[in-house]
Amino acid sequence: MSAVGGPIRDADEASLRDAVALLRAGGVVAFPTETVYGLGADAASESGVARIYRIKGRPVGHPLIVHVDGLESARWWAEFDADATCLARRFWPGPLTLILRRRPGVPAWACGHEPTIGLRCPSHPVATRLLAAFRRAGGHGIAAPSANRFGRISPTRALHVLEDLGAEAPLILDGGDAEVGVESTIVDLSRGRGVLLRPGAITAAEIADALGAPIEDRGEASMAPEAFEVADGRRAEPDAPPRTSGSMAAHYAPVRPLELVSPGELADRLAVLRDQGVRVVLWSRRRPAGHVGEWERAPGNARDYARVLYDALRRFDRLDVERIVLEAPPDGADGSLWAAVNDRLKRAAFGSGAASPPG
Ligand code: TXA
Ligand code: MG
């Protein structure tokens with residue numbers, strides 16, 4: 001056991017063996033990926049996948065991503081045409097999920113019986129070792145959504161998983177802080193052309209460049225029910241099945257209202273909030289003159305910002321403040337990683353109830 005104790009364990013050989021045994025028996029294991037931590041179950045196990053939905057409180061039928069240890073394993077689940085093969089060869093292992101047409105007859109629990117399936121080969125060394133060990137034990141893939149309760153912020157540390165899932169995750173493999181910090185880029189190739197469903201660290205421009213063709217960006221129009229998972233349980237809750245957990249209220253403790261304010265409007269907005277007596281925590285690149293409340297320096301580059309974003313939001317949510325104010329970072333219109341950051345920030349702000357719906 002690692003120093004933290006409980007279900008969090010160092011990812012040594014013994015822990016990996018236990019993890020594989022748990023998965024093979026239809027249990028769940030939380031594990032690190034380079035994007036966020038996942039809550040995994042054997043994708044071919046009906047009861048294992050059902051357990052994920054129950055623990056997460058996720059609406060049944062909302063499809064999960066199946067994680068594999070490489071292209072060969074992925075081919076068991078789906079046909080890879082030239083485009084899919086090209087993207088897998090170029091970006092796997094890494095933060096890219098491909099939506100492809102599922103092979104008829106393969107288990108469909110994880111993809112909610114959709115004719116398509118989401119496949120991803122993560123690059124985190126612990127995920128790589130776990131997936132390889134699972135395959136050697138006869139497994140075909142590990143279904144894993146982010147290891148947070150539905151409606152909460154994705155976990156980027158083992159401790160975040162413990163905070164969200166408690167004893168319901170019997171084993172949490174510790175792989176340190178997730179390096180990317182935001183969920184994988186999702187590209188749908190099931191319709192004969194590339195469609196970006198979720199921006200991530202692998203950018204639309206990189207995908208288009210690899211395919212030699214532009215890809216359609218569904219952008220904010222693609223806000224699926226899960227759209228509001230990032231920050232808030234209340235909006236997600238109406239879709240969720242009845243929960244059995246007695247600790248639901250605590251786990252769905254509302255994330256504090258979050259506001260995104262452009263740098264030019266920041267000083268005025270802070271003055272208004274101060275006059276109203278609203279206690280704020282501010283995340284900005286510089287501390288504005290005259291700001292008296294809580295303040296933390298926000299990273300100025302997208303990689304660092306994405307990496308620390310979810311941990312920062314979790315931390316701010318625990319402060320004795322009434323409002324989280326974020327200085328809006330660059331909008332990502334250039335298609336850089338800022339696009340993924342903005343996508344998550346807008347969802348978080350909307351989910352928190354402090355802003356109007358994303359257009
Ligand atoms: O980085 C990630 O992708 C993380 C780590 C753990 O791998 N996983 C993750 O999973 O973010 P989750 O379940 O929180 O998000 C999966 C997203 C959902 O928005 C879901 O709708 C979409 O993938 N998805 C999965 N299968 C799909 C399918 N067949 N068609 C369309 N969307 C799909
Ligand atoms: Mg998620």
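Remember, it's 1-based here, ligands and their atoms both numbered in the order they're listed. Hydrogens, waters and symmetry mates are skipped; everything else that's a heavy atom, side chains included, is used. None of the values given here were measured: they were computed from a predicted structure. Residue numbers start at 1 and run along the sequence shown.
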Looking only at non-hydrogen atoms, the one of Pro63, Ala30, Gly112 nearest atom 25 (C) of ligand 1 is Pro63
Using a 3.5 Å cut-off on N or O atoms only, is His67 in polar contact with ligand 1? yes
Any N or O of Lys56 closer than 3.5 Å to N or O of ligand 1: no
Counting the benzene-type ring for Trp, do Tyr53 and Trp109 have ring centres under 6.0 Å apart? no
So among Leu282, Val281, Leu273, which one has a side chain to side chain contact (heavy atoms under 4.5 Å, CB included) with Arg323? Leu273
Answer side chain, backbone, both or neither: which part of Leu64 comes under 4.0 Å from ligand 1, heavy atoms only. backbone
Shortest non-hydrogen contact between Ala147 and Leu39, atoms and distance: CB-N, 3.6 Å
Are any of the N/O atoms in Arg58 less than 3.5 Å from those in ligand 1? yes
Please confirm whether His62 approaches ligand 1 to less than 4.0 Å, judged on its heavy atoms. yes
Considering both backbone and side-chain atoms of Tyr37, is one of its nitrogen or oxygen atoms within less than 3.5 Å of a nitrogen or oxygen in ligand 1? no
Do the side-chain N and O atoms of Arg198 and Ser184 include a donor-acceptor pair separated by under 3.5 angstrom? yes
Ligand 1 versus Thr116, non-hydrogen atoms closer than 4.0 Å: side chain, backbone, both, neither? both
Distance check below 2.8 Å: does Ser154 bring an N, O or S atom to the Mg ion (ligand 2)? no
Under a 4.0 angstrom heavy-atom cut-off, which atoms of ligand 1 come close to Ile186? 17 (C), 22 (C), 23 (O)
Would the distance check show the side chain of Arg90 and the main-chain N or O of Leu211 forming a donor-acceptor pair, the cut-off being under 3.5 Å? no
Could you report the tightest heavy-atom contact between Ala144 and His67, atom names first, then the distance? O-CE1, 3.1 Å
Give me the ring orientation class for Phe80 and Trp92: parallel if the planes are under 30° apart, tilted from 30 to 60°, perpendicular past 60°. perpendicular
Indicate the atoms forming the closest heavy-atom contact of Leu119 with Ala78, along with that distance. CD1-CB, 3.8 Å
Between Arg314 and Thr156, a side-chain donor and acceptor under 3.5 Å: no
For Ser184, which part has a heavy atom under 4.0 Å from ligand 1: side chain, backbone, both, or neither? both
Checking heavy atoms under 4.0 Å, the part of Arg101 that sits near ligand 1 is neither
Based purely on interatomic distance, does Thr35 place a nitrogen or oxygen under 3.5 Å from a nitrogen or oxygen of ligand 1? yes
